[in-house]
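Every chain is numbered from 1 and lettered A, B, ... according to where its sequence line falls, protein lines coming before strand lines.
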There are 2 protein chains.
Amino acid sequence: MHANVKHNVVPLITPGLKVACSQCNLRELCLPFGLSDEDMARLDNLIGGGRKLKRGQHLYRAGEAFESIFAVKAGFFKTDVLTEDGRDQVTGFQMAGEILGMDGISTEAHTCNAVALEDSEVCLIPFTELEMLSSEIHSLQHHLHKVMSREIVRDHGVMMLLGTMRAEERLAAFLLNLSQRFNARGYSPAEFHLRMTREEIGSYLGLKLETVSRAFSRFQDEGLISVQQKHIRILDIPRLKTLLAPPDGRLG
Amino acid sequence: MHANVKHNVVPLITPGLKVACSQCNLRELCLPFGLSDEDMARLDNLIGGGRKLKRGQHLYRAGEAFESIFAVKAGFFKTDVLTEDGRDQVTGFQMAGEILGMDGISTEAHTCNAVALEDSEVCLIPFTELEMLSSEIHSLQHHLHKVMSREIVRDHGVMMLLGTMRAEERLAAFLLNLSQRFNARGYSPAEFHLRMTREEIGSYLGLKLETVSRAFSRFQDEGLISVQQKHIRILDIPRLKTLLAPPDGRLG
DNA sequence: GTAGCCCTTTGATATTTATCAATGCAACTT
DNA sequence: AAGTTGCATTGATAAATATCAAAGGGCTAC
């Protein structure tokens, strides 16, 4: 009775196998998107072996030298930024097929922490080698740029969320985003298991954990979702979506 | 009596001249950073002529086809995202030497609007050509990646601001950020002219314009700054910085 | 030069979210 | 199996910010 329930075809994870983009079920979501077989073989060649992490382990920490980016092969991560004065902001949650570590390129050092929220596995992509290969393979270069750009666009979405939405709107947006991403990976969009705590959700959404908890309870009372600890079932996706679009709209 | 007052050497703008990275005073802040003379000449060659914009004009709009990124040569811009339901979030303010438009790479269409907040000039950098050239010039490729990564890091900083700071902290961070960027361009870090309205500041900071106005007034009452409409003079930078670091610290 | 408009400021009040506190639940350990 | 610990829920209250409203100031355009 545990989420996530597979609801259709795509077999997702083949744990224990040697990393190889050409064999990976995530290739359409990940860096090798659109490469020819030949080019994919060259990419395979530069990608370092996979690395497994236990829940709670850091993939990298702020300040560490930047050498690679990472593709999530299985599992679930959070990234967060910590300032000297003790502020802590979760900047994202990453799942299979998503790329981690691009923040480190600018300063040659990671600027945030990446932590596995469940037992996970990543592919290691040495960045200098990736740049070299992408000079030769135009579609790889372009796709890398798209991935980085997509991250910028995603960040703008988070700014929108933090800057303009109230607590329940933020949580609705968060749930719908997770739902859509699980769906894209062949999991149920309606029923899933949260890997993060209320506090981590709160940090991501700019809310306190109590506020997150209350919003969950309210959604449950209203029949939008059912919540049992970390197990979420979305009962009414359309109505959840309407929470994001104020009916009359502060359209000023 | 108008800001911004030049406080040292760097002559910044040479309006009317043909764009040429090799002649540009911004080259150390901008894309050609670190290129040899020869490579810079090649970059010169691909950069389309400059484009001038009057205050209020759009450089691009969300939905338009993406073809180029832009380097701000002179002036001041804002970028904002608008959703169907009427939410409006300013995602950044850009000044000389900064790059605009990288959000458009991922979908081949711009995802936000860029508007000149004063009469401005940009260099047009056709992206396909830039990719081709950067395949050949490794340092250009790497610097482009750094610029994109820097944008991601900047966005994380904004998330931190929106997610963890209260109104006065946000405004202090905003002013200190502007101060530092003006300083880096040879302008006074203590005295400058805001190009944006209180509402635009508020949108960027996730606050209502009245809250921004009150925070300005409070800072003035406390002798931290002097405000006269859009003219800002920072009187006590160190004390403004302490506003960002809560003395005891919510260091939980 | 002047009228009009937009921007800004300030006050009073309402709303939202945080804080403080206590209890309950569940998984993990021993 | 019981105890421990961390996580989640819920309630009462406080604090922060938004909203509504009105008036003043400065810039722009005519």
Sugar-phosphate, base or nothing in reach of B/Gly206, heavy atoms under 4.0 Å: sugar-phosphate
Short side-chain to backbone donor-acceptor contact, B/Asn113 and B/Ala62, under 3.5 Å: yes
Angle by which the axis turns from one end of the helix from C/dG1-D/dC30 to C/dT30-D/dA1 to the other, five pairs per end, to 10 degrees: 50°
Euclidean distance, atom NZ of residue B/Lys208 to atom C1' of C/dT17 [Å, nearest integer]: 16 Å
B/Arg239 vs B/Glu222, salt bridge (Lys or Arg N to Asp or Glu O under 4.0 Å): CA-CA, chis, key distance, verdict: CA-CA 10 Å; B/Arg239 202 142 61 85; B/Glu222 289 172 358; 5.2 Å; no
Nearest-angstrom distance from the residue atom CE of B/Met165 to P of D/dT17: 13 Å
Rounded distance in Å - CG (A/Leu171) to P (C/dT16): 16 Å
Length of the line joining B/Leu243:CG and D/dA16:P, which is rounded to integer Å: 14 Å
Centroid-centroid under 6.0 Å between A/Phe192 and A/Tyr187 rings: no
Spacing between B/Arg166 atom CZ and D/dA15 atom C1', to the nearest angstrom: 8 Å
Derivation and outcome, ring-ring contact (aromatic ring centres under 6.0 Å, His included), residues B/Tyr60 and B/Phe70: CA-CA 10 Å; B/Tyr60 54 81; B/Phe70 304 91; 5.8 Å; yes
Derivation of the salt bridge (Lys or Arg N to Asp or Glu O under 4.0 Å) call for A/Arg185 and A/Glu98: CA-CA 11 Å; A/Arg185 284 159 183 77; A/Glu98 296 175 338; 3.3 Å; yes
Length of the line joining B/Glu200:CD and C/dC6:P, which is rounded to integer Å: 14 Å
Atom-to-atom span, CZ of B/Arg195 to C1' of C/dC7 - whole angstrom: 17 Å
CZ (A/Arg154) with more than 12 external heavy atoms under 6.0 Å: yes
Set of residues satisfying side-chain contact (heavy atoms from CB on, under 4.5 Å) with respect to A/Val115, sequence neighbours excluded: A/His58, A/Lys78
Sugar-phosphate, base or nothing in reach of B/Arg55, heavy atoms under 4.0 Å: sugar-phosphate
Atom-to-atom span, CD of B/Glu168 to P of D/dA15 - whole angstrom: 15 Å
Under 3.5 Å: donor-acceptor pair, side chain of A/Ser213, backbone of A/Glu210: no
B/Asp119 and B/Arg55: CA distance, side-chain angles, deciding distance, salt bridge (Lys or Arg N to Asp or Glu O under 4.0 Å) verdict: CA-CA 5 Å; B/Asp119 294 358; B/Arg55 183 160 71 91; 5.6 Å; no
Under 4.0 Å protein heavy-atom contacts per nucleotide of nucleotides 3-9 of chain D, with B for base, S for backbone only and - for none: ----SSB
